[in-house]
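Presented below is the structure to which this report refers.
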Number of protein chains: 2
Amino acid sequence: MTARVLEHPPAEEIRLEEVLHALADPARLEIVRFLASSGREVPCSAIDLAVSKSTTTHHYRVLREAGVITQVYRGTAKLNGLRRADLDRLFPGLLDSVVNAVTAPRADTARASRPTP
Amino acid sequence: MTARVLEHPPAEEIRLEEVLHALADPARLEIVRFLASSGREVPCSAIDLAVSKSTTTHHYRVLREAGVITQVYRGTAKLNGLRRADLDRLFPGLLDSVVNAVTAPRADTARASRPTP
DNA sequence: TCGATAGTCCGACGTTCATCGGACTATCAT
DNA sequence: ATGATAGTCCGATGAACGTCGGACTATCGA
């Protein structure tokens with residue numbers, strides 16, 4: 001059918017509050033860290049999140065709509081990449097500080113086991 | 001005269017996600033920026049937020065419980081200060097990047113609107 | 001003591017959020 | 001075509017959030 005094109009906010013419309021909100025979730029932070037460390041575009045399935053498939057889709061959309069990542073269809077997959085250049089220009093140092101931050105072990109213990117489909 | 005003491009999370013318990021969430025609100029971001037630029041402790045009333053008094057209290061509490069600010073009673077006032085040392089040690093560069101970020105660039109400079117991955 | 005000042009606490013209300021299962025669509029390889 | 005793979009869309013649900021007014025407490029100065 002139609003080429004499935006995904007909406008991305010132009011760099012000028014990326015808002016700090018939205019970026020911070022997007023980064024303020026453990027699953028999304030994990031995605032961003034993975035993308036930052038891998039340095040390339042990866043499909044959603046490359047990152048094993050502890051949530052269901054629909055929730056995963058939701059988190060990627062939040063990141064894309066906040067301007068944190070790009071998403072491009074490629075075959076049945078969808079490649080996700082960090083918008084590092086845009087973010088580094090708009091908010092210098094932010095991405096690095098978030099990615100490099102050493103996170104303390106969470107007091108909250110039992111991690112929900114991933115639902116079995 | 002009960003010494004009204006406020007609970008602050010020890011530095012080891014400050015979690016990045018909570019800090020990001022605390023910073024992801026316009027009112028709270030304004031508070032943090034004010035504190036960062038003033039470089040000293042100021043009472044709540046020093047920052048004129050566009051919300052009610054009870055909402056203001058709420059925002060300061062969120063910041064304190066996330067480990068972003070300190071709050072100390074002094075007379076009828078309550079002095080708020082940035083936990084810059086703790087934050088800079090735990091998440092180097094984060095505070096500076098958030099405080100120095102230029103927010104809301106206008107659309108009149110709209111050139112290329114394609115994301116740069 | 002009294003008033004003014006500074007902030008807290010307490011419901012309440014509507015919104016947004018993260019999460020899920022399940023049905024669905026799109027693409028590729030065979 | 002068929003099946004496998006990858007992700008989307010659609011309600012729904014319960015929790016968290018931002019917001020408010022208003023009554024309340026604590027402190028200070030006159």
Side-chain angles (χ1 to χ4, degrees), chain A residues 1-8 15 17-32 41-66 68-81 106 108 110-117, chain B residues 1-8 15 17-32 41-66 68-81:
Chain A
M1 262 210 102
T2 41
R4 292 186 289 164
V5 174
L6 293 157
E7 291 275 323
H8 291 77
R15 284 182 42 236
E17 286 95 333
E18 270 184 43
V19 171
L20 292 174
H21 169 250
L23 297 175
D25 181 276
R28 295 195 291 259
L29 196 49
E30 190 179 339
I31 293 172
V32 169
E41 296 185 304
V42 303
C44 301
S45 54
I47 311 174
D48 195 33
L49 300 178
V51 292
S52 76
K53 219 166 42 152
S54 36
T55 304
T56 298
T57 297
H58 162 72
H59 285 312
Y60 277 98
R61 185 173 47 232
V62 170
L63 286 171
R64 172 172 47 85
E65 289 177 348
V68 178
I69 66 170
T70 58
Q71 296 194 289
V72 176
Y73 281 106
R74 175 150 163 186
T76 84
K78 194 164 74 169
L79 294 185
N80 307 278
R106 294 177 46 189
D108 158 67
R111 208 155 145 78
S113 58
R114 191 155 46 101
T116 355
Chain B
M1 59 162 181
T2 18
R4 292 186 290 162
V5 174
L6 293 157
E7 291 276 324
H8 291 76
R15 283 185 41 235
E17 287 95 333
E18 269 185 43
V19 170
L20 292 173
H21 169 250
L23 297 175
D25 180 276
R28 295 195 290 258
L29 195 50
E30 191 180 338
I31 293 172
V32 169
E41 296 185 304
V42 303
C44 301
S45 54
I47 311 175
D48 195 31
L49 301 177
V51 292
S52 77
K53 220 167 41 154
S54 37
T55 304
T56 299
T57 297
H58 163 71
H59 285 312
Y60 278 99
R61 184 172 46 234
V62 170
L63 286 171
R64 187 189 76 239
E65 291 179 344
V68 178
I69 65 170
T70 57
Q71 296 194 290
V72 177
Y73 281 107
R74 175 153 163 185
T76 84
K78 193 162 73 170
L79 295 186
N80 307 279

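The sequence lines fix the lettering, A, B, ..., with proteins before strands; numbering per chain opens at 1. These figures come from a predicted structure and were not determined experimentally.
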In whole Å, what is the span from the [atom1] atom of [X] to the [atom2] atom of [N]?
X       : N      : atom1 : atom2 : result
A/Leu63 : C/dA18 : CG    : C1'   : 14 Å
B/Ile31 : C/dG7  : CD1   : P     : 11 Å
B/Arg61 : C/dA6  : CZ    : C1'   : 15 Å
B/His21 : D/dC17 : NE2   : C1'   : 7 Å
B/Gln71 : C/dA6  : CD    : P     : 16 Å
A/Glu18 : D/dC17 : CD    : P     : 18 Å
B/Leu79 : D/dT27 : CG    : P     : 14 Å
B/Asp25 : D/dT19 : CG    : C1'   : 11 Å

* Which residue lies more 5' along DNA chain D, comparing B/Arg74 with A/Thr57 via nearest heavy atoms ->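 The residue whose closest nucleotide sits nearer the 5' end is A/Thr57.
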Value rounded to 0.5 Å, distance of [atom1] in [X] from [atom2] in [Y]:
X       : Y       : atom1 : atom2 : answer
B/Leu23 : B/Arg28 : CG    : CZ    : 8.5 Å
A/Ile69 : A/Arg64 : CD1   : CZ    : 7.5 Å
A/Ile47 : A/Tyr60 : CD1   : OH    : 3.5 Å

Regarding [X], tell me which of base, sugar-phosphate or nothing describes its non-hydrogen contacts under 4.0 Å with the strands shown.
X       : value
A/Ser45 : sugar-phosphate
A/Tyr73 : sugar-phosphate
A/His59 : sugar-phosphate

Please tell me if A/Arg28 has a side-chain N or O lying less than 4.0 Å from either OP1 or OP2 of C/dA18.
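For C/dA18, OP1 or OP2 has a side-chain N or O of A/Arg28 closer than 4.0 Å.
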- Contact under 4.0 Å: B/Thr55 side-chain N or O vs D/dC20 OP1/OP2: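 For B/Thr55, the contact criterion (side-chain N or O under 4.0 Å from OP1 or OP2 of D/dC20) is met.
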[X] side-chain proximity, nearest of [options]:
X       : options               : answer
B/His58 : D/dT19, C/dG21, D/dG7 : D/dT19
A/Thr76 : D/dC9, D/dT5, D/dT19  : D/dT5
B/Val51 : D/dG7, C/dT19, D/dT19 : D/dT19

Legend entry - A/Asn80 side-chain N/O to A/Gln71 backbone N/O, donor-acceptor pair under 3.5 Å: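 Absent.
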So, for A/Glu17 and B/Asp25, which heavy atoms are closest and what is the spacing to 0.1 Å?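 So the minimum-distance heavy-atom pair works out to CG-C, 4.4 Å.
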Task: Side-chain-base donor-acceptor pair under 3.5 Å for B/Ser54 and D/dG21 - done: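 Such a pair exists between side chain and base.
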